[in-house]
Structures are given as C-alpha cells and as structure tokens.
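Everything below concerns the one structure shown next.
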Amino acid sequence: MGLLRQSEKLGLPLMNLVRFKGMPILDQLNLEEKLLRTTSDNWCIVNDGANAPTVVMGVSGKPAELLELESVIGDNVPVIKRFTGGGTVIVDEGTIFVTLICNKDAVPKVQPYPRSIMSWSGKLYDEVFQGIGDFQLRENGKQKLSIRNCFETLPSPPHYLFASAMQPIFQCSKSWCFVLLPDYVFGNRKFGGNAQSITKDRWIHHTSFLWDYEDRNMTYLKLPSRAPEYRSARDHTEFVCRMREYLQRSAFIDKTIKALDNYFMVQPATPADVNSCQVAKFAHSTRLLSKQELEDACSSTKPGTIAQSASI
Amino acid sequence: MIVFSENVDTFSFDRCIANVAAVIKDLKYAESHEWVKVDGNSATVGITDHAQDHLGDVVYVELPELGTEVTQGNSFGAVESVKATSDINSPVSGKVVEVNEELNGSPALVVNTSPYEEGWIIKVELKDAGELNNLKDADAYSKFCDEEDAKH
C-alpha cells in the first residue's frame, strides 16, 4: 500500500502509539496483557530496549528443555513465562520490542487466527525492511490448510502467493495448501521473533527485534527441538544477526510507524494516557519463575533424580 | 507488491469439494467456535472443527482447575498453536467437574483429529439450561461460519 491521502486516512481505525525506553520486559508484558484484556482500543507499544538480560519463554515452555539451567541459575538470569505462545528468547537493552494490540475487525481481511494475523504482519514488516540488506521472509514453519480454507482465503486458485523478493507465502500442491509462517531474516540469519495471543474480540502480536545482543547471552538457550528447516541445526550465534549492521535504531522505529500509517490513524499516547485507561485490578498470567522452580527443573534433568525423589 | 503466479501443480478439485468443516447435528454451538453436548445436568465442551482448522496444530491446552466456575461467553482456558495462545470460551455456565487429561500429552492427536469426540476439553455441571437458547444449532452455526469466512 502506498501513502494515503488525509481524507482516505479518516476512514482508518485509530491506533494509540506509546513509546518506552528501557522498560523492564516483565512490566511491558504485564501492560500488554492488561491493555489486551481490559481496553477496547488499538495500541502500538514500542519499547526501545529492555533494562536487563532476561529469558522469556512462551506459555508452554519447559525450562529443562529450552535453557542451559546451570548457567541461568548460576548467573541469576531472570526467567519469565509470558502469556503468548511461541518460543524462547533472551532480551536485553539491545532488543527493540514492537507490539500491536488490535480489535478483531481493525484490519480488513484479517481474521482473529494465528496464520491470518502473521500473514498480515509479514506484509507490514516487509514494507519496513524492503530494500534493506538482503532482507527476506523465511519459512519458520508450514501450516497446512484444508483446500476449503485455501479457496476461502485466496481470490482464485493461484499456486503461489508471493510477498516481496519472490518469497512465497502460500504454496499449493495437489492435495494441500500451506501458509508459510515467516521469520524475519537478513540472508539466512534471523533478527526478529514474534508471538501472539487471541481473545474473543481482540488479538496481540508482539515482536522482539535483535538490534544488538551479547553473544554470551545466547549461550543460556538450548537448541530448540522444533526449528525451521533453514536453521540447519545452527546454534544461536550462527543463526541470528544484529539489525544494527543494516539500519539505524531510530530509522527502524520510524519506518515501522510509517508502515502502520497505511492501516491505522496512528496517534501518540503518553504513559499517563495509558494509565488512565487501565482498570485497577487485573490478574496477570505472565510470571517470573522462582529460583526453586528453576532448580527443580535443573534437578529433573540429572540422572538418578527420579529415584532420589521417590525415596523421599 | 504481491504477485500471483500460475504453476505446474494442479488442484484436486474432488478433494476441494469434499473438504468442509464438520458440524454435528445434536450439538449446540457458540459464535466463538466452541461446542457443547448436554446430557441431563452435564455438559461436555470442546472447540469445533472450524476452530481447529483455522488454529492449526494444537501444541498445548491450558486447562482449568476442577471446581472452577465458568460463565457463558467467558474464557476458561486456552489452546496454543502456531506461536499463539487462543482463548477457549465456555458456551455454558456452571462448575468444571472433569477435564480431559489426554490433552496433557499430544493434544493435536485428539483436538485436531477428533474435535467433537476424543478432543473434548471440559465437562461442566450446568447452572442454567436456559442458556442453551443463546447458542446456535448445527445449521445456524454452519451458516455463521460460512458468512464469517466470506467476510475475509
């Protein structure tokens, strides 16, 4: 989509843009969940860097499977289990977060289901990164569609639907259609990961972008058992890359807001605006794992642990 | 820019025609895509074939504790699929008396393949059978799904 005239933009839904710098990731996640569940506005939250290295797992993440627990515990690295799905990341002051919280009808043609939302967000960030380095959307996974869904989703039966640079988003074969769930990569190195949560009437899509990172922090993460094919069993330091090698920090944030302008009437909001629309009491489901939980998980991976537990 | 391109593969149109989201005649359905089967004062709840088809492979189900009070239209748990958690909303009000422990293993094996049978999620002691009048029958739900998909 190109730039819209002001008159055309008048028909677009409002999106409140609130910007933070160095907000702790636990506070950010709690804020996001609260805005998702207790407000009816559309929000874009940009947090330019978390305040300290923190591991963030998805809702079903198992520390014993995903983390090098002895180092995590030994170095007192906080571990959070967030309210959205998806994988595990380690975030710090070099991570830029962009979160979109939308009503289910906010974006035309986007249904409140994971692949529909990710198909749209893939297009949004394709607009942000077009022409920068060797940016691509790479296949994180394939989601099989029934042919019925394929025909419902696509206007006619094309066999490939491409985003930029001829990267397919849909593929159709004799029996199935697949939607390709995109990672954001330069070359074959990933620089952003995303996750979502969907309620009856709203959804959230949040992305953490690796502006910069410490190699050492990546060693807290194990190689995940489920990984995209293009990862080719590379460890984290060989699989990810730094956005700072491709564009300036402020340029990325400005381009993202500009891309959002094509879908929303973006208006700045202050932290005070955010506070004024929040309810007093809300039970967050994102939580910080206790040291005891991490130690128990670590113990469970050691041989002989089950026999010892049984004898207690 | 988005480009459409023809390719050498061909569609199986027979499979296309046969592939329709299933609904079961005797169940009641919520617009948020959950089903309920009522037997006296007991209700069994799950997500529909339409829901599992749109969600993708379910990798995790967040189940409520036994004894939890559920309210019609409100969330009681969630499924995780494709990097997303999606709320499961109860089509009826009452108390949770049983949860499907099979979902703690490989939920996709039951929720995606058998959403109306082995993939059930909770059983509820019904509070108000009159609430069933707020739900759709199979034909109305099927039509609702078609209209919802046509809008997008």
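In what follows, chains are A, B, ... by sequence order, proteins preceding strands, each numbered from 1. Since the model is a prediction, treat every value here as computed from it, not as a measurement. For the numbers below, each heavy atom of this structure counts, side chains included, while hydrogens, waters and symmetry mates do not.
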Next on the checklist: Is it the case that the side chain of B:E80 and the backbone of A:V59 share a donor-acceptor pair, with hydrogens and angles ignored and the cut-off at 3.5 Å?
Outcome noted: no
Checklist entry - If you round to the nearest 0.5 Å, how far is CD of B:E62 from OG of A:S285? => result 6.5 Å
Item to check | Exceeds 12 heavy-atom contacts within 6.0 angstrom, atom CG of B:D128 | outcome: yes
Checklist entry - Just wondering, are more than 12 heavy atoms of other shown residues or ligands nearer than 6.0 Å to CD in B:Q72? => result yes
Next on the checklist: Would you say NZ of A:K222 has more than 12 non-hydrogen atoms from neighbouring residues, nucleotides or ligands within 6.0 angstrom?
Outcome noted: yes
Checklist entry - Relative to the ring of B:H33, is the ring of A:Y113 parallel (under 30°), tilted (30 to 60°) or perpendicular (over 60°)? => result tilted
Next on the checklist: Does B:E117, at its CD atom, have more than 12 non-hydrogen atoms belonging to other residues, nucleotides or ligands within less than 6.0 Å?
Outcome noted: no
Item to check | Straight-line distance of A:S197 OG to B:K83 NZ, nearest 0.5 Å | outcome: 14.5 Å
Next on the checklist: Return the CG to OG1 distance between B:N74 and A:T199, rounded to the nearest 0.5 Å.
Outcome noted: 11.0 Å
Checklist entry - More than 12 foreign heavy atoms under 6.0 Å from NZ of A:K200: is that the case here? => result yes
Checklist entry - Contact part of B:E148 toward chain A, heavy-atom cut-off under 4.5 Å: side chain, backbone, both or neither? => result both
Item to check | Full working for side chain to side chain donor-acceptor pair (under 3.5 Å) between B:T85 and A:T84 | outcome: CA-CA 5 Å; B:T85 55; A:T84 53; over 6 Å; no
Checklist outcome for this item: Ranked by heavy-atom pairs below 4.5 Å to chain A, first place among B:S81, B:S86, B:G73 goes to B:S86
Item to check | Shortest non-hydrogen contact from B:H54 toward A:R115 | outcome: CA-NH2, 3.5 Å
Checklist entry - Given a strict heavy-atom distance threshold of 4.5 Å, which part of A:R37 is in contact with chain B: side chain, backbone, both, or neither? => result side chain
Checklist entry - Rounded to the nearest 0.5 Å, what separation is found between the CG atom of B:L55 and the CD1 atom of A:I198? => result 7.0 Å
